[in-house]
**Q** 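Below is the structure I would like to discuss, written out as structure tokens.
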Amino acid sequence: MSTGKEKILVIGAGGQIGVELCENLAKRYSNAQVIASDLKPAPQLEPYNYEQLDALDKDRLFEIVKKHQITQIYHLAALLSATGEQKPMMAWKLNMESLFHVLDLAKEKHIQKVYWPSSIAVFGPTTPRENTPQYTVMEPSTIYGISKQAGERWCEWYHQKHGVDVRSLRYPGLIGWKSAPGGGTTDYAVHIFHEALKTGRYECFLSAQTALPMMHMEDAIRATIEIMHAPFESIKIRGSYNLSGISFTPEQMANEIKAHLPNFSITYKPDFRQAIADSWPKSIDDREARQHWGWKEQYDLKGLVKNMLDNLKK
Ligand code: NAD
Ligand code: AKB
């Protein structure tokens, strides 16, 4: 792919992933080739072209695609697991309809390539929870998970029926220091660092032993850019790829933080998010991503905790 001709629209650019994704896309392409869009502007998006966009507004989306001669869309706007359970119909509408708008643009050849993230939330309580494979029982119990599972099937369908070049990853919980998480069940693993440095204490909304798949944001962004630049033929899964980084419990993370901040203390007060976490895998088998397009994570728990604390202290 020649980087010179690409014009990339990021939808939901002001969120936890979008801010870091725009920064990385601009390094690979240029600031002028990145068009950031969201419901409202964010200070981190100032270096790029910015367009106000409600992802449900198909006409406005088309107008932006034409105006900037967009070639690729990274579609990140969604309601996540915890917020989705509070606003189920809104989550369903946003997560599904906005995806159709983007896939239709690709079907009609206005754009060439689509990235759309799925999640470990596609799995449910009947899924095997250790080393969850790519292909297994999938009965998600959250609206968010149901929308992601349906979205995966639609991506596959648009690829099979209409040749749409859509690529997707089932992200685990993402942990980064540059942006705040937006309403997920794995958000504790970001909040804990801010509270550890600010107050030395953290009350966790999941229980001590709740193991979940997680990943450093740098790894997730690299995976995203790698799958989007992999040769067309190497992408053999057009639903979404399992993607694994690290798995740990809140207690294991707290112990690792204590190795740097010995006075840090944690208490546990599980809320409604515990049931969501209990329905998700503890760890993920992502051999297809490794075999098909060469995925490999860089961060382990030790490296992630050190990196988060070093950067947040600054
Ligand atoms: P986020 O909530 O931090 O950001 C979402 C952004 O979308 C926000 O800036 C919000 O303003 C914007 N948005 C909401 N409604 C919109 C609308 N109608 N039109 C345009 N923009 C709108 O979410 P995130 O963590 O950055 O996640 C991005 C994507 O990655 C989502 O699809 C999410 O499901 C997926 N994902 C995230 C994680 C994670 O741990 N962060 C894990 C798995 C999957
Ligand atoms: C959430 O907790 O909702 C997200 C996700 C794993 O999809 N972080």
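Along the sequence shown, residues carry numbers from 1. Whatever order the structure lists ligands and atoms in, that order sets their numbers, starting from 1.
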**Q** Report the C-alpha separation of Glu288 and Tyr241 in whole Å, then their side-chain angles, then the decisive distance to 0.1 Å, and conclude whether the side chain to side chain donor-acceptor pair (under 3.5 Å) test is met.
**A** CA-CA 7 Å; Glu288 285 81 2; Tyr241 276 94; over 6 Å; no
**Q** For ligand 2, would you mind listing the residues that have at least one heavy atom less than 4.0 Å away, ordered by chain and number?
**A** Leu80, Ser81, Ser119, Ile120, Tyr144, Gly184, Thr185, Thr186, Trp280
**Q** Is there any salt bridge (Lys or Arg N to Asp or Glu O under 4.0 Å) pair reaching into residues 208-217, and which pairs are they, with sequence neighbours excluded?
**A** none
**Q** Is there a side chain to side chain donor-acceptor pair (under 3.5 Å) between Ser81 and Thr185 once you walk through the steps?
**A** CA-CA 6 Å; Ser81 58; Thr185 302; 2.8 Å; yes
**Q** Begin with the C-alpha distance, continue with both residues' side-chain angles, and end with the deciding distance and a verdict on salt bridge (charged side-chain N to carboxylate O under 4.0 Å, His left out) for Glu51 and Lys67.
**A** CA-CA 11 Å; Glu51 295 284 356; Lys67 174 178 164 190; 2.6 Å; yes
**Q** Before accepting this row, confirm whether a basic side-chain N of the pair Asp300/Lys302 lies closer than 4.0 Å to the acidic partner's carboxylate O.
**A** no
**Q** Give me each pair satisfying salt bridge (Lys or Arg N to Asp or Glu O under 4.0 Å) with a member in residues 232-252, each pair once, sequence neighbours excluded.
**A** Asp165-Arg238
**Q** Would you call Asp187 and Arg273 a salt bridge, taking side-chain N to carboxylate O under 4.0 Å as the test?
**A** no
**Q** For the pair Tyr171 and Tyr115, name the ring-plane relationship: parallel under 30°, tilted 30 to 60°, perpendicular over 60°.
**A** tilted
**Q** Tabulation required: pairs of a nitrogen or oxygen in ligand 1 and a protein nitrogen or oxygen under 3.5 Å; columns are atom names and distance to 0.1 Å; otherwise 'none'.
**A**
from     : atom 1 : to     : atom 2 : distance (Å)
ligand 1 : 2 (O)  : Gly182 : O      : 3.4
ligand 1 : 3 (O)  : Gln16  : N      : 2.8
ligand 1 : 9 (O)  : Gly15  : N      : 3.1
ligand 1 : 9 (O)  : Asp38  : OD2    : 2.6
ligand 1 : 11 (O) : Asp38  : OD1    : 2.7
ligand 1 : 18 (N) : Asp54  : OD1    : 2.9
ligand 1 : 19 (N) : Ala55  : N      : 2.8
ligand 1 : 26 (O) : Gln16  : N      : 3.2
ligand 1 : 26 (O) : Ile17  : N      : 2.9
ligand 1 : 32 (O) : Leu76  : O      : 3.2
ligand 1 : 32 (O) : Lys148 : NZ     : 2.9
ligand 1 : 34 (O) : Tyr144 : OH     : 2.6
ligand 1 : 34 (O) : Lys148 : NZ     : 3.1
ligand 1 : 40 (O) : Leu174 : N      : 3.0
ligand 1 : 41 (N) : Gln16  : OE1    : 2.8

**Q** Before you tell me yes or no, could you show the steps for Trp177 and His194 under side chain to side chain contact (heavy atoms under 4.5 Å, CB included), namely the whole-Å CA-CA distance, both residues' side-chain angles and the distance that decides it to 0.1 Å?
**A** CA-CA 9 Å; Trp177 52 273; His194 291 269; over 6 Å; no
